[in-house]
There are 2 protein chains.
Amino acid sequence: MTIETLNRKDQINQVAQNLFRERGYAATSMRDLAKAIGIEAASLYSHIKSKEELLQNICFRIANEFFDEYDRVQNGTTDPKLRFRHAVTAHTRVVASNLDASSVFFNEWRHLNEPSLTEFKKQRADYEERFKALLKEGIETGVFRQVQVSFAMRLVFSTLNGIPTWYRPDGALSPDQIAEQIADFLLEGLLNK
Amino acid sequence: MTIETLNRKDQINQVAQNLFRERGYAATSMRDLAKAIGIEAASLYSHIKSKEELLQNICFRIANEFFDEYDRVQNGTTDPKLRFRHAVTAHTRVVASNLDASSVFFNEWRHLNEPSLTEFKKQRADYEERFKALLKEGIETGVFRQVQVSFAMRLVFSTLNGIPTWYRPDGALSPDQIAEQIADFLLEGLLNK
DNA sequence: CCTACCGATCGGTAGG
DNA sequence: CCTACCGATCGGTAGG
């Protein structure tokens with residue numbers, strides 16, 4: 001594999017991320033993708049195997065980033081409040097640094113075929129369990145209120161996974177800044193107490 | 001228009017809501033829809049004008065429900081904290097009572113064509129402004145913390161609009177119960193203070 | 001990376 | 001509500 005085809009392959013993946021996010025996977029044709037790159041649709045298949053392979057690459061790459069970043073920030077931290085805060089900022093960092101790909105991860109995974117679909121759901125459930133464990137830890141140590149763990153986990157992820165719907169990297173807030181503010185919001189709420 | 005075709009039309013709209021939610025608008029064919037009902041695809045067009053008309057009906061019906069329910073609960077309330085709480089519970093009630101349709105409203109609106117697309121965005125922006133006004137009111141009266149209004153509004157809607165991803169009506173919590181708990185979560189946060 | 005092409009499927013219409 | 005059908009477009013392959 002030459003350097004030229006490697007670069008072209010990266011370009012295909014990047015443009016696919018953007019189109020899948022903007023129009024949705026099903027509404028994006030391979031001809032749309034080829035046109036955005038400037039080649040013929042048939043030429044795409046010199047670099048990739050199928051349309052679904054593009055979706056798989058996006059979904060599992062982001063899944064890996066979530067796990068890697070989580071492990072990185074949890075390493076050595078024991079304080080429940082800080083552990084939760086680090087998990088939130090790690091997740092936010094991955095989302096804010098991969099807006100196209102994370103949007104596809106959140107919204108287009110249902111178009112995966114088996115066995116990828118089952119594997120995807122499994123990894124997502126494993127990741128969610130990590131956040132549930134953090135919430136449980138915080139409640140048992142009295143740091144968090146007596147919330148229902150599964151319910152709180154869903155609300156936390158709703159907040160975090162909604163980031164691509166409004167965050168613009170050219171805006172006033174950097175990824176680290178929104179990560180801090182989202183953590184504050186989840187921990188403190190809106191009330192002035 | 002006979003009673004039979006009216007019922008059939010309602011049935012088409014209801015099944016379309018469900019399929020558009022489960023598979024996405026673009027990935028749902030008119031043949032899928034017809035098959036789920038038990039008629040031929042061509043027969044759908046005795047009751048509806050086009051596939052997009054189905055999407056328009058869903059999106060604008062839900063938009064109207066959001067406005068109507070908001071107006072209903074705000075009527076007469078002046079306390080900032082209560083006004084916000086009522087807005088959250090009203091929104092949650094509409095979502096939890098229309099899980100299929102509200103999912104389509106949140107995720108499939110981009111498939112609307114002009115001029116519906118512009119009209120949809122306008123109505124959504126108007127609705128969001130109402131929540132921003134409530135947040136601003138709460139901050140100015142010292143009830144809420146000094147959060148950035150636009151940012152807080154986005155986080156609130158992320159939480160509320162994520163409901164269809166996890167809420168199951170056959171679960172332990174009723175729509176009114178989750179509405180209360182979500183309002184608590186948004187106001188109080190996670191910390192045990 | 002292209003031209004040429006494949007069978008399948010799409011939203012929708014004509015006519016009854 | 002059906003049969004029969006339309007032109008357009010889909011993901012992908014053969015062969016160079």
Side-chain angles (χ1 to χ4, degrees), chain A residues 1-59 104 108-117, chain B residues 1-59 104 108-117:
Chain A
M1 193 177 283
T2 68
I3 289 173
E4 282 78 13
T5 56
L6 250 181
N7 286 346
R8 184 62 100 183
K9 193 169 182 174
D10 288 345
Q11 185 188 14
I12 292 170
N13 276 295
Q14 199 177 326
V15 175
Q17 279 172 25
N18 184 252
L19 291 180
F20 290 171
R21 177 195 184 181
E22 298 299 335
R23 309 179 190 181
Y25 177 78
T28 303
S29 73
M30 297 305 274
R31 283 158 181 84
D32 292 336
L33 177 56
K35 195 173 184 182
I37 292 169
I39 60 176
E40 293 298 318
S43 306
L44 291 168
Y45 294 90
S46 305
H47 306 281
I48 62 165
K49 271 175 26 196
S50 65
K51 185 184 180 185
E52 203 211 335
E53 186 195 51
L54 292 170
L55 182 61
Q56 287 173 17
N57 286 344
I58 296 166
C59 290
V104 174
E108 307 298 330
W109 58 267
R110 61 183 161 177
H111 298 292
L112 289 170
N113 293 322
E114 297 294 356
S116 295
L117 182 59
Chain B
M1 191 177 280
T2 67
I3 289 173
E4 283 77 14
T5 56
L6 249 181
N7 286 346
R8 183 63 100 184
K9 193 169 183 175
D10 289 344
Q11 185 188 16
I12 292 169
N13 276 295
Q14 199 178 326
V15 175
Q17 279 173 24
N18 184 251
L19 291 181
F20 290 171
R21 178 194 183 180
E22 297 300 335
R23 309 180 189 179
Y25 176 77
T28 302
S29 72
M30 296 305 272
R31 284 158 180 84
D32 292 336
L33 178 56
K35 194 173 184 182
I37 292 169
I39 60 176
E40 293 299 317
S43 307
L44 291 169
Y45 294 90
S46 305
H47 306 281
I48 62 164
K49 269 173 29 196
S50 65
K51 185 184 180 184
E52 203 213 334
E53 186 195 52
L54 292 169
L55 182 62
Q56 287 173 18
N57 286 344
I58 296 166
C59 290
V104 174
E108 308 298 331
W109 58 268
R110 62 183 161 178
H111 298 291
L112 290 169
N113 293 321
E114 297 294 356
S116 295
L117 182 59

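Naming: A, B, ... by sequence-line order, numbering from 1 per chain.
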Legend entry - Side chain proximity check, B:His111 to B:Leu117, heavy atoms < 4.5 angstrom: no
Inset, instruction - Could you tell me the separation between the NZ atom of B:Lys35 and the P atom of D:dC2, rounded to a whole number of Å? - result: 14 Å
Inset, instruction - Please collect all salt bridge (charged side-chain N to carboxylate O under 4.0 Å, His left out) contacts where either partner lies in residues 29-53 of chain A, sequence neighbours excluded, each pair once. - result: A:Arg23-A:Asp32
Legend entry - Neighbour count above 12 (heavy atom, 6.0 Å) for A:Glu22 CD: yes
Inset, instruction - Sugar-phosphate means primed atoms, P, OP1 and OP2; the rest is base. With that split, encode nucleotides 3-16 of chain C 5' to 3' as B, S or - using protein heavy atoms under 4.0 Å. - result: BB-----BBBB---
Inset, instruction - Rounded to the nearest 0.5 Å, what's the gap from CG on B:Asn13 to CD on B:Gln17? Could you check? - result: 6.5 Å
Inset, instruction - Measure the shortest side-chain to side-chain distance between B:Leu54 and B:Met30 over non-hydrogen atoms and say whether it is less than 4.5 angstrom. - result: yes
Legend entry - Point-to-point distance, once rounded to the nearest 0.5 Å, from OG of A:Ser43 to CD1 of A:Ile48: 11.0 Å
Legend entry - Value rounded to 0.5 Å, distance of CD in A:Gln14 from CD1 in A:Ile58: 11.0 Å
Legend entry - Point-to-point distance, once rounded to the nearest 0.5 Å, from CD1 of A:Ile39 to OG of A:Ser46: 7.5 Å
Legend entry - Secondary-structure stems, DNA chain C, at least 3 Watson-Crick or G-U base pairs under 3.5 Å: C:1-16 with D:1-16
